[in-house]
Amino acid sequence: MNKLFAVVILMVIIASCTKTETLKTETIVNNKDSIITVDSSLFNGRLKVLVLDGTNNNTAVNGAQVFLYPTYEDVKRNYFIYSVSSVAGEADFGYILQGNYYLRAQFGAKSDTNVVQVLGQKIITRTMIVR
């Protein structure tokens, strides 16, 4: 009985000491800020925003600033979590934690505000039209 108990304890110790796999992430550095571009987490989704100029035949806007907010109160106070400039009309926030967020796109005096729901393991693309 004691030998069986010792064998079970030994197996538990060996099993608990095995190497666990870590999540793979890769980051790129853009203007000293890190954006996660590859993520294997179940709880993160990728957020992309397409910014179009509503006064110019909905053409893609280069250089628009897109802000990410956690609540509508933060939008009113302009307390954003992160901001990204659009390149060829696209602002890529990379992988962020799933949840509901508010977006504001700003290009000169033109702006648009929108809501987005980021889902785990999904790529979400939100179109914003600045006017």
Side-chain angles (χ1 to χ4, degrees):
M1 183 74 167
N2 287 337
K3 290 181 183 181
L4 180 62
F5 183 71
V7 169
V8 171
I9 294 295
L10 182 62
M11 290 175 61
V12 169
I13 291 172
I14 290 172
S16 65
C17 293
T18 60
K19 181 181 176 184
T20 58
E21 184 178 331
T22 59
L23 296 177
K24 295 179 181 178
T25 59
E26 178 181 321
T27 59
I28 59 169
V29 177
N30 184 7
N31 297 331
K32 297 185 221 172
D33 296 326
S34 295
I35 296 175
I36 299 173
T37 58
V38 176
D39 188 11
S40 62
S41 171
L42 298 175
F43 303 105
N44 294 335
R46 189 165 191 164
L47 176 60
K48 295 182 179 185
V49 178
L50 180 61
V51 182
L52 304 176
D53 188 345
T55 60
N56 192 15
N57 296 323
N58 289 339
T59 57
V61 177
N62 191 29
Q65 200 68 23
V66 183
F67 301 92
L68 181 70
Y69 301 90
T71 67
Y72 185 69
E73 292 299 318
D74 291 327
V75 174
K76 292 193 296 188
R77 292 187 195 111
N78 198 29
Y79 292 146
F80 56 91
I81 299 172
Y82 202 71
S83 70
V84 176
S85 292
S86 65
V87 176
E90 185 178 284
D92 187 357
F93 283 91
Y95 284 87
I96 61 174
L97 188 62
Q98 67 186 3
N100 299 320
Y101 297 94
Y102 290 86
L103 296 166
R104 185 171 58 86
Q106 184 83 39
F107 185 67
K110 304 172 190 177
S111 69
D112 186 21
T113 304
N114 213 325
V115 178
V116 65
Q117 183 177 41
V118 176
L119 303 172
Q121 296 187 328
K122 302 286 183 194
I123 297 174
I124 307 299
T125 302
R126 175 69 67 216
T127 301
M128 301 184 75
I129 301 174
V130 293
R131 299 169 200 215

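- When all heavy atoms of R126 and V116 are compared, the closest pair comes out as NH2-CA, 3.6 Å.
- Under a 3.5 Å cut-off, the side chain of D92 and the backbone N or O of G94 do form a donor-acceptor pair.
- Here the CZ-OG1 distance, from R131 to T55, works out to 9.0 Å after rounding to the nearest 0.5 Å.
- E73 contributes no side-chain N or O that, together with a main-chain N or O of V75, makes up a donor-acceptor pair within less than 3.5 Å.
- Using a 4.5 Å heavy-atom threshold, the side chains of V118 and Y101 count as touching.
- Residue pairs that meet the salt bridge (charged side-chain N to carboxylate O under 4.0 Å, His left out) test with at least one member in residues 96-114, sequence neighbours left out, are D53-K110.
- In terms of heavy-atom proximity, S83 sits nearest to Q65 at OG-NE2, 3.1 Å.
- Considering only heavy atoms from C-beta on, L47 comes within 4.5 Å of L103 through its side chain.
- Closest non-hydrogen pair, M128 versus A105, comes out as CE-N, 3.6 Å.
- Note that CD of E90 and OG1 of T127 are 10.0 Å apart. Values are rounded to the nearest 0.5 Å.
- Side-chain contact between F93 and V66 is present, with heavy atoms from C-beta onward closer than 4.5 Å.
- Considering only heavy atoms from C-beta on, I129 comes within 4.5 Å of N58 through its side chain.
- In this structure, Y69 and F80 have perpendicular ring planes: the angle between them is above 60°, well past the 30° mark.
- Linking Ile, Leu, Val, Met, Phe, Trp and Tyr whenever their side-chain heavy atoms come within less than 4.5 Å puts I35 and F43 in one cluster.
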Are I96 and L68 close enough, and set up right, to give a side-chain contact (heavy atoms from CB on, under 4.5 Å), and what steps lead you there?
CA-CA 11 Å; I96 61 174; L68 181 70; 4.0 Å; yes
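- Across every non-hydrogen atom of P70 and Y79, the tightest pair is CD-O, 4.3 Å.
- Note that CZ of F67 is 10.5 Å distant from OG1 of T113, once rounded to the nearest 0.5 Å.
- In this structure, V49 is a member of the same hydrophobic cluster as L97, with clusters built from ILVMFWY side-chain heavy atoms closer than 4.5 Å.
- Cluster membership check: V84 shares its hydrophobic cluster with I124, using side-chain heavy-atom separations under 4.5 Å among Ile, Leu, Val, Met, Phe, Trp and Tyr.
- A60 and A88 make their closest contact through CB-O, 3.7 Å (heavy atoms, listed as atom of the first residue, atom of the second, distance).
- Of all heavy-atom pairs between S41 and Q121, the closest is O-CG, 3.6 Å.
- Considering only heavy atoms from C-beta on, V51 stays 4.5 Å or farther from F107 through its side chain.
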